[in-house]
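This report concerns only the one structure given below.
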Amino acid sequence: MFTFIKKVLKTGVATESYPLTPIEVDKNFRGKPEHNPQQCVGCAACVNACPSNALSVETNLAGKTLDWQFNLGRCIFCGRCEEVCPTAAITLSQQYELAVWKKEDFLQKSSFPLCYCRSCQRPFAVQKEIDYAIAILQHNGDKRAEMHRDSFETCPECKRQQGLVSSDRIDLTRHMREAS
């Protein structure tokens, strides 16, 4: 019996007083994803990367916004959203106590204003995303980026249409001579 008591005293305390003191987690622990809407540009890269479909986006034409939503109940804490976010708007925290009373408390939502095409007036991107692209170009030394804002705010379909040459301006005789 004394040998057993000696052994117990030598090993020390093996349990944690968990509810009273928080448990230290590893620095690489993947806890609750935190979303910063001010830093997010609404590119939806995280939505494409999420294997559990915990992230979703919907275009709200009535509100003229792109609605971003994160469902913590579906999240598998893989960290893909954090890896692909170009602006580091999503980070995995050290938080692991995630119990809630209502299912709605698992949802995080954000809305981003849409950019409407200058030619056809249809929505095609998030305004913040276009502003971010222009800011990146300016940061990298392109002084003409802001002057081409109208080109950035034109949808790809309208840009394609504007690049087409009308049929009466095409000279086919040159191509016919080369073929013969």
- Kindly work out whether a path of hydrophobic side-chain contacts (I/L/V/M/F/W/Y, heavy atoms less than 4.5 Å apart) joins Y132 to L137. no
- Message: Main chain of T154, side chain of R118: is a donor-acceptor contact present, judged purely on distance under 3.5 Å?
- Response: no
- Query: Roughly how far, to the nearest 0.5 Å, is the CG atom of D142 from the NE2 atom of H148?
  - Reply: 7.0 Å
- For F77 and L98, the nearest pair of non-hydrogen atoms, with its separation, is CZ-CD1, 3.6 Å
- Passes side chain to side chain contact (heavy atoms under 4.5 Å, CB included), K7 versus T3? Steps please. CA-CA 6 Å; K7 187 176 180 180; T3 57; over 6 Å; no
- Query: Checking T65 side chain against F112 main chain: does a donor-acceptor pair fall under 3.5 Å?
  - Reply: no
- Message: Tell me whether V84 shares a hydrophobic cluster with W68, the cluster being built from Ile, Leu, Val, Met, Phe, Trp, Tyr side chains joined at under 4.5 Å.
- Response: no
- Query: Should V47 and L114 be regarded as members of a common hydrophobic cluster, given that ILVMFWY residues are connected when their side-chain heavy atoms come within less than 4.5 Å of each other, either directly or indirectly?
  - Reply: yes
- Query: Just by distance, do the side chain of K128 and the backbone of Q38 share a donor-acceptor pair under 3.5 Å?
  - Reply: yes
- Message: So, taking the atom named CZ in R74 and the one named CG in L107, what distance separates them when rounded to the nearest 0.5 Å?
- Response: 11.5 Å
- Between S93 and K32, what is the shortest heavy-atom contact and its length? OG-O, 2.8 Å
- Query: Backbone N or O of G79 within a donor-acceptor pair of the R30 side chain at under 3.5 Å?
  - Reply: no
- Message: Surrounding CD of Q121 (heavy atoms of other residues, nucleotides or ligands, distance under 6.0 Å), is the total greater than 12?
- Response: yes
- Query: Roughly how far apart are C81 SG and N48 CG, rounded to 0.5 Å?
  - Reply: 12.5 Å
- Item | Evaluation steps, side chain to side chain contact (heavy atoms under 4.5 Å, CB included), between V100 and F106 | CA-CA 7 Å; V100 294; F106 276 139; 3.7 Å; yes
- Please walk me through it: do Q69 and E58 pass side chain to side chain contact (heavy atoms under 4.5 Å, CB included)? CA-CA 9 Å; Q69 181 174 307; E58 287 183 21; over 6 Å; no
- Considering all heavy atoms, the nearest I90-P33 contact: CG2-CB, 4.3 Å
- Could you check if a side-chain atom of C158 sits within less than 4.5 angstrom of a side-chain atom of C117, using non-hydrogen atoms only? yes
- Task: Inspect the contact between R149 and E146 and indicate whether a charged nitrogen and a carboxylate oxygen are less than 4.0 angstrom apart.
- Result: yes
- Nearest 0.5 Å, what's the CG-SG distance between D131 and C115? 8.0 Å
- Query: Do K159 side-chain atoms and S151 backbone N/O form a donor-acceptor pair below 3.5 Å?
  - Reply: yes
- Message: Could you check whether any side-chain heavy atom of C120 comes within less than 4.5 Å of a side-chain heavy atom of C155, counting everything from C-beta outward?
- Response: yes
- Do any N or O atoms from the side chain of S111 and from the backbone of D67 form a donor-acceptor pair under 3.5 angstrom? no
- Item | Spacing of NZ belonging to K103 relative to CG belonging to N71, to within rounding of 0.5 Å | 8.5 Å
- Query: Side-chain contact, heavy-atom cut-off 4.5 Å: F70 with C75?
  - Reply: yes
- What closest approach, in Å, do V126 and L66 show between heavy atoms, and which atom pair accounts for it? CG2-CD2, 3.5 Å
- For residues A49 and R80, report the shortest heavy-atom separation together with the two atoms involved. O-CB, 3.8 Å
- Task: Using the side chain to side chain contact (heavy atoms under 4.5 Å, CB included) rule, take I130 and F124 through it: C-alpha gap first, then chi angles, then the decisive distance, then the call.
- Result: CA-CA 11 Å; I130 292 171; F124 73 98; 3.9 Å; yes
- Item | Side-chain heavy-atom pair P123, K64 within 4.5 angstrom cut-off | no
- Could you tell me whether the side chains of Q127 and E153 share a donor-acceptor contact shorter than 3.5 Å? yes
- Heavy-atom pair with the smallest gap, counting every atom of G31 and L92: O-CD2, 3.6 Å
